[in-house]
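Structure first, then comments.
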Amino acid sequence: MTAKREPTFRESVDLMFNRAVALMELPPGLEEKIRVCNATYTVRFGVRLRGQIHTFTGYRSVHSEHMEPVKGGIRYAMGVNQDEVEALAALMTYKCALVEAPFGGSKGGLRLDPREWEEHELEMITRRFAYELIKRDLIHPAQNVPAPDMGTGEREMAWIADQYKRMATTDINYRACVTGKPIHGGGIQGRTEATGRGVQYALREFFRHPEDVAAAGMSGKLDGKRVVVQGLGNVGYHAAKFLSEEDGCKVTAIIERDGALIDESGLDVEAVRNWIARHGGVDGYPDGKYIADGTKALENECEILIPAAMEGVINLENAARIKAPLIIEAANGPVTAGADDILRQKGTVIIPDMYANAGGVTVSYFEWVKNLSHIRFGRIGRRQEEARHQLIIDELERLDAHLGDNWQMSPHFKQQYLRGAGELELVRSGLDDTMRSAYQSMREVWHNRQDVTDLRTAAYLVSIAKVAASYRAMGL
Ligand code: NAD
């Protein structure tokens, strides 16, 4: 018997898409129109560094322009290739539709290992890559708005915004050409943490529904649940930190490139993060057991498994051995289509990537709106809101004095109630609302349709229906 072949990342996304559209009645041809990637631009450019010219290969793929601008991160990694970028661009289309961020899907990548280059070299490479994309309108506030992804962060986004400004000197909206910028470069509070925060909000929403928790063979609340996380980068670090510090979860394993740390009593996420920053990996960390074959820890006993590093890590080879009853896909595409089949048959509940990591694009949407409106959220209304609250407090205190000692407002209540919402509170509130409503829309399909047995298919059904409706509204 020949071994079953693992599909590529893009094939995996297409297979999952096909499983969902088989349950829909789309007009002939529309299914194909939605599935295919509209265009992928490949660029090879040279940069003079360390006394010689180095050639780099980059991509920007546009999956669907049913809404513009299109949106999607730029990734720096050695594994970047056209197949991967197209898969990620397709996921962006479905993700934006699911969480109602008014964008089409796109993604970019540059094949390089950022750890091999000095900061000033990375700046030269990033600016040159941005130049190539900007001159083709593949970075543009109205047409294509990148964001950070694996290997990139606010530093790279600031370079891109500045490069765009140099080339589009009269564009008053230049800051909206990219999101995930530093706060002093036109960014928004809460963007860096947004994807990890979204994972936390998604899990909180899941645990609000005892029926869903029971579907994963669990009971109770988030408090006390054991979590295994793979990748302590932007997404994994924030998710693990918030879940352990705010929701009472125990992070029993952290998997990184060089191995995994295990501690059944719970690892200190902040301390591990600091250790990695100083030593480049988890090896040698004193408060936990180290194993060199980190991926083995994906198979550890735990309630919640959070793959937050890269695609394809849960695959035909290891899926049958995964013990976690609940997987939340913080990374894009961590479970291959083949593994998804195996896990579904085992009864594992998977909270799919297009929903689980949508916190990033949601807050990116807020940042883009902030950049276009040229004003910080809360700036106009905050003090007015506080003044109105003060009125109520004054009135209650007047009554209090009148009624004597029978009741009193707690000082904590007064302080909390009086505080008007600043940008961070508003961003978190918008993110929480988005994660809750998107979950509700998936869950309705999951529970109400007999032919839908998993959250991923439900997510695809919801998002494809929205993309199809946009195309129909355009007369297609
Ligand atoms: P990052 O570069 O900040 O972090 C990735 C982490 O994973 C790093 O700590 C790296 O050392 C680790 N890692 C890499 N390969 C690994 C391996 N084979 N085994 C174990 N650990 C490994 O990247 P990120 O921004 O946190 O992105 C992680 C995933 O989340 C990607 O799939 C990305 O597409 C997805 N994502 C990111 C965002 C965002 O806002 N940054 C938004 C949505 C989705």
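Throughout, residue positions are numbered sequentially from 1 according to the sequence presented. Atoms within each ligand, like the ligands themselves, are counted from 1 in listed order. Please read all numbers here as calculations on a predicted model, not as lab measurements.
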Please determine whether any non-hydrogen atom of Glu311 lies less than 4.0 Å from an atom of ligand 1.
no
I want to check a possible cation-pi pair here: Arg19 against Tyr460, using under 6.0 Å from ring centre and within 45° of the ring axis as the test.
no
Qualifying residue, where the test is salt bridge (charged side-chain N to carboxylate O under 4.0 Å, His left out) with Glu423 and the options are Arg379, Lys370, Arg428
Lys370
Just to be sure I'm reading this right: ignoring hydrogens, which of Met310, Gln230, Glu256 gets closest to atom 8 (C) of ligand 1? Compare them by their nearest heavy atoms.
Glu256
Which of Arg175, Gln189, Arg191, Lys181 passes side chain to side chain donor-acceptor pair (under 3.5 Å) with Glu367? Answer is Lys181
Among Asp353, Asn332, Leu91, which residue places a heavy atom closest to atom 44 (C) of ligand 1?
Asn332
Quick test of your reading of the structure: of Gly360, Pro334, Ala308, whose heavy atom lies closest to atom 28 (C) of ligand 1?
Ala308
Restricting to heavy atoms, the pick from Met92, Glu329, Met150 nearest atom 23 (O) of ligand 1 would be Met150
Where Leu110 and Phe56 come nearest, the two heavy atoms and their spacing:
CD1-CB, 4.2 Å
Residue part near ligand 1, for Arg191, under 4.0 Å between non-hydrogen atoms
side chain
Counting neighbours of NZ on Lys289 that are heavy atoms of other residues, nucleotides or ligands and sit closer than 6.0 Å, is the number greater than 12?
no
Distance-only donor-acceptor check, side chains Glu205 and Gln440, under 3.5 Å
yes
Could you go through the ring-ring contact (aromatic ring centres under 6.0 Å, His included) check for Phe17 and Tyr94 one step at a time?
CA-CA 10 Å; Phe17 174 93; Tyr94 310 135; 5.6 Å; yes
Check whether any N or O atom of Lys95, backbone or side chain, sits under 3.5 Å from an N or O atom of ligand 1, and answer yes or no.
no
Using heavy-atom distances, let me know which of Pro307, Ala194, Ala309 sits nearest atom 29 (C) of ligand 1.
Ala309
What residue and atom, counting heavy atoms only, is the protein's closest point to atom 43 (C) of ligand 1, and at what distance?
Asn357 O, 3.5 Å
Heavy-atom nearest neighbour of atom 40 (O) of ligand 1 within options Ile254, Thr195, Thr192, Thr295
Thr195
Other residues, nucleotides and ligands only: do more than 12 of their heavy atoms fall within 6.0 Å of OH on Tyr131?
no
Is any N or O atom of Ala331, backbone or side chain, closer than 3.5 Å to an N or O atom of ligand 1?
no
